[in-house]
**Q** 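Here it is, the structure in full.
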Amino acid sequence: MTEPVTDRPEPAAPAVPPQAEPSTGAAQTAQAAAVPPQPSAPPAPAVPVPPAPTKRRRPSARALRAVGRWTAAVTVFGVFCAGTAYGITRLERHEVPGLATESDGRWEYPRLTLPALPSGSPRPFAQGNEGEVHHADLRELLIPLPEGAEEDGEDGKDGGLPPAKGGWVTVEEYTGLYAKGEHEELRQRLADDAVRHIAARGWVMPDGTRTSVHLLRFNSGAVADDFHTDAVYGGLAPGLTLDRAPGSELDESWPSKAAPENVEIEVYDEPKPRGETHTRQAYLLAGDTVALVVQTREGTAPAVPFRQTVILQAQLLG
């Protein structure tokens, strides 16, 4: 397993909690009227009367469940804040929806950290960054290679994957992922929206699963949202047709709460019957960046590593 990489952004100073004001209320004690003693006998000593014991009520099951939910919420919030300030670690099995066991086919990714920013540059969703711009090098926002990943033997050829080391790709290379009848219109749309950069990485796992990740950066979050809405998002089917998956449809089994904050995710799958290969794809929208994650394998492409890859890539962008 790869050693952790220290994230270089300066940690935020901890907030100082406000001082709690002391309670000013005090119970007032009523005074009883004094009765003068009889001259023939001394007053009898006062005998304290013990208060009646308070009956303890057993907490209801509903109350216990409520306490459990709040405790879990506070715990998750604390972990999330720590990850945001000091770097993103890889997801544990129980933290990914649908990944609950040790033998679920999960890939071993290295520990993830957010890349350093230019001096004075905010994070994409920080206050004051109205354009939701990622100021980090786009190539450093690509998910790293999992353990066992290999370079594609078809690298650089038609239908081949991007380089495993990651890097810039051209508009023509990106549009080549889609059906030929959509190339020209997509090229024109990318020109109209003035896509700034496209970064990509691809690899092959020992079981034959082929993965590619493409990140497209636009001038602002508003422009990226327009491209995503008009060209990519299609509702029950993707707005663009991958050359390898012409019959994809919305994957309704995808956990709706799996997306990190500030990141939109749409997942599509090939229904049965399908050809010799099975392709899964996901589009991500995070500020000024649109991402495409594709996994293909002969027979059946497993869902677990695909979901894992999509969520981790979303964390790097969010």
**Q** Between Trp107 and Met205, is there a side-chain heavy-atom distance shorter than 4.5 Å?
**A**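 Met205 reaches Trp107 side chain to side chain.
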
**Q** Distance-only, no hydrogens or angles: does the Asn129 side chain make a donor-acceptor pair with backbone N or O of Arg123 under 3.5 Å?
**A** yes

**Q** Which heavy-atom pair separates Ala245 from Gln281 by the least distance, and what is that distance?
**A**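 Nearest pair, atom of Ala245 first, then Gln281: CB-NE2, 4.2 Å.
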
**Q** Hey, mind stepping through Asp226 and Arg189 against side-chain contact (heavy atoms from CB on, under 4.5 Å) and telling me if it holds?
**A** CA-CA 11 Å; Asp226 286 344; Arg189 180 60 194 252; 4.1 Å; yes

**Q** Under a 4.0 Å N-O cut-off, is there an ion pair linking Arg210 with Asp152?
**A**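 Looking at Asp152 together with Arg210, the answer is yes, because their closest N to O distance falls below 4.0 Å.
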
**Q** I need the minimum non-hydrogen distance between Val169 and Ala200, along with the two atoms involved.
**A**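 Shortest heavy-atom contact: CG1-CB, 3.8 Å.
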
**Q** For Arg280 and Thr209, test the side chains for any donor-to-acceptor distance below 3.5 angstrom and give the result as yes or no.
**A**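 No.
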
**Q** Please determine whether residues Ile311 and Leu145 belong to a single hydrophobic cluster, defined as Ile, Leu, Val, Met, Phe, Trp and Tyr linked transitively by side-chain heavy-atom distances below 4.5 Å.
**A** yes

**Q** With a 4.5 Å limit on heavy-atom distance, are the side chains of Gln308 and Tyr109 in contact?
**A**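 The answer is yes, as the side chains (C-beta and beyond) meet within the 4.5 Å cut-off.
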
**Q** Do Arg217 side-chain atoms and His134 backbone N/O form a donor-acceptor pair below 3.5 Å?
**A**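 A pair under 3.5 Å: yes.
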
**Q** Answer yes or no: is there a side-chain heavy-atom contact under 4.5 Å between Gln313 and Val213?
**A**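 Yes - at least one pair of side-chain heavy atoms lies under 4.5 Å apart.
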
**Q** Does atom CD of Glu185 have more than 12 heavy-atom neighbours, drawn from other residues, nucleotides or ligands, at distances under 6.0 Å?
**A**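 No.
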
**Q** Do the side-chain N and O atoms of Ser220 and Glu132 include a donor-acceptor pair separated by under 3.5 angstrom?
**A** no

**Q** What distance separates His278 NE2 from Arg244 CZ, expressed to the nearest 0.5 Å?
**A** 13.5 Å

**Q** Going by atom types only, do Thr279 and Tyr268 share a side-chain donor-acceptor pair under 3.5 Å?
**A** no

**Q** Please say yes or no: joined through hydrophobic side-chain contacts below 4.5 Å, possibly via intermediate residues, are Leu142 and Trp168 part of one cluster?
**A**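 Result: yes, single cluster for both.
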
**Q** Do the side chains of Leu285 and Tyr174 join up, straight or via other hydrophobic residues, at under 4.5 Å, putting them in one cluster?
**A** yes

**Q** Nearest 0.5 Å, please: how far is CG in Leu240 from OG1 in Thr175?
**A**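 That separation rounds to 10.5 Å.
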
**Q** Are the side chains of Pro163 and Glu151 in touch, meaning some heavy atoms are under 4.5 Å apart?
**A** yes

**Q** For Ser212 and Leu161, which heavy atoms make the closest approach, and how far apart are they?
**A**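 The answer is CB-CD2, 3.9 Å.
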
**Q** Please lay out, stage by stage, how Asp269 and Trp254 fare under the test side-chain contact (heavy atoms from CB on, under 4.5 Å).
**A** CA-CA 10 Å; Asp269 191 11; Trp254 175 263; over 6 Å; no

**Q** Starting at CG of Leu114, measure out to CD of Glu140 and round the result to the nearest 0.5 Å.
**A**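 Reported value, rounded in 0.5 Å steps: 11.0 Å.
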
**Q** Testing the 3.5 Å rule here: is there a donor-acceptor pair between the side chains of Thr296 and Thr277?
**A** no

**Q** Quick one: do Leu242 and Val294 satisfy side-chain contact (heavy atoms from CB on, under 4.5 Å)? Show the steps, please.
**A** CA-CA 9 Å; Leu242 286 179; Val294 181; 3.9 Å; yes

**Q** Please examine the side chains of Arg307 and Ser253, heavy atoms only from C-beta on, and report whether any two atoms are closer than 4.5 Å.
**A** yes

**Q** With Ile143 as reference, evaluate Leu317, Thr211, Leu312 under the side chain to side chain contact (heavy atoms under 4.5 Å, CB included) test and give the passing residue.
**A**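 Only match with Ile143 under side chain to side chain contact (heavy atoms under 4.5 Å, CB included): Leu312.
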
**Q** Check the surroundings of atom CD in Glu252: do more than 12 heavy atoms from other residues, nucleotides or ligands lie under 6.0 Å from it?
**A** no

**Q** If you group Ile, Leu, Val, Met, Phe, Trp and Tyr by side-chain heavy-atom gaps below 4.5 Å, do Leu250 and Val267 land in one group?
**A**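 No, Leu250 does not connect to Val267 through the hydrophobic network.
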
**Q** Can you check whether Leu190 reaches Gln188 side chain to side chain, under 4.5 Å on heavy atoms?
**A** no

**Q** Hey, does Tyr233 have a side-chain heavy atom less than 4.5 Å from the side chain of Pro238?
**A** no

**Q** For residues Leu292 and Val195: do they belong to one hydrophobic cluster (side chain heavy atoms under 4.5 Å, members Ile, Leu, Val, Met, Phe, Trp, Tyr)?
**A** yes

**Q** Nearest 0.5 angstrom please: Arg196 CZ to Thr289 OG1, how far?
**A**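 Interatomic distance, Arg196 CZ to Thr289 OG1, rounded to 0.5 Å: 9.0 Å.
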
**Q** Could you pull out the closest heavy-atom pair between Pro110 and Pro146, with the gap in Å?
**A** CD-CA, 4.5 Å

**Q** Might you point out which heavy atoms bring Pro305 and Gly105 nearest each other, and give the distance in Å?
**A** CD-O, 4.0 Å

**Q** At their closest point, which heavy atom of Val290 faces which heavy atom of Ala224, and how far apart are they?
**A** CG2-O, 3.8 Å

**Q** Okay, side chain of Arg274, backbone of Glu270: is any donor-acceptor separation there less than 3.5 Å?
**A** yes

**Q** I'd like to know whether Tyr178 forms a side-chain contact (heavy atoms from CB on, under 4.5 Å) with Asp243, so could you lay out the CA-CA distance, the side-chain angles of the two residues, the decisive distance to 0.1 Å, and finally the verdict.
**A** CA-CA 5 Å; Tyr178 299 97; Asp243 188 47; 5.9 Å; no

**Q** Can you tell me if Glu266 and His228 form a side-chain donor-acceptor pair at under 3.5 Å?
**A**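 Note: Glu266 and His228 side chains meet the donor-acceptor criterion.
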
**Q** Can you check whether Phe227 and Phe218 have ring centres sitting under 6.0 Å from each other?
**A**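 That pair passes the under 6.0 Å test.
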
**Q** Roughly how far, to the nearest 0.5 Å, is CG of Leu177 from OG1 of Thr241?
**A**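 Rounded to the nearest 0.5 Å, the OG1-CG separation comes out at 12.5 Å.
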
**Q** Is there a side-chain contact between Pro260 and Gln315 (heavy atoms, below 4.5 Å)?
**A** yes

**Q** How long is the span from the CG atom in Leu215 to the NE2 atom in His197, to the nearest 0.5 Å?
**A** 12.0 Å

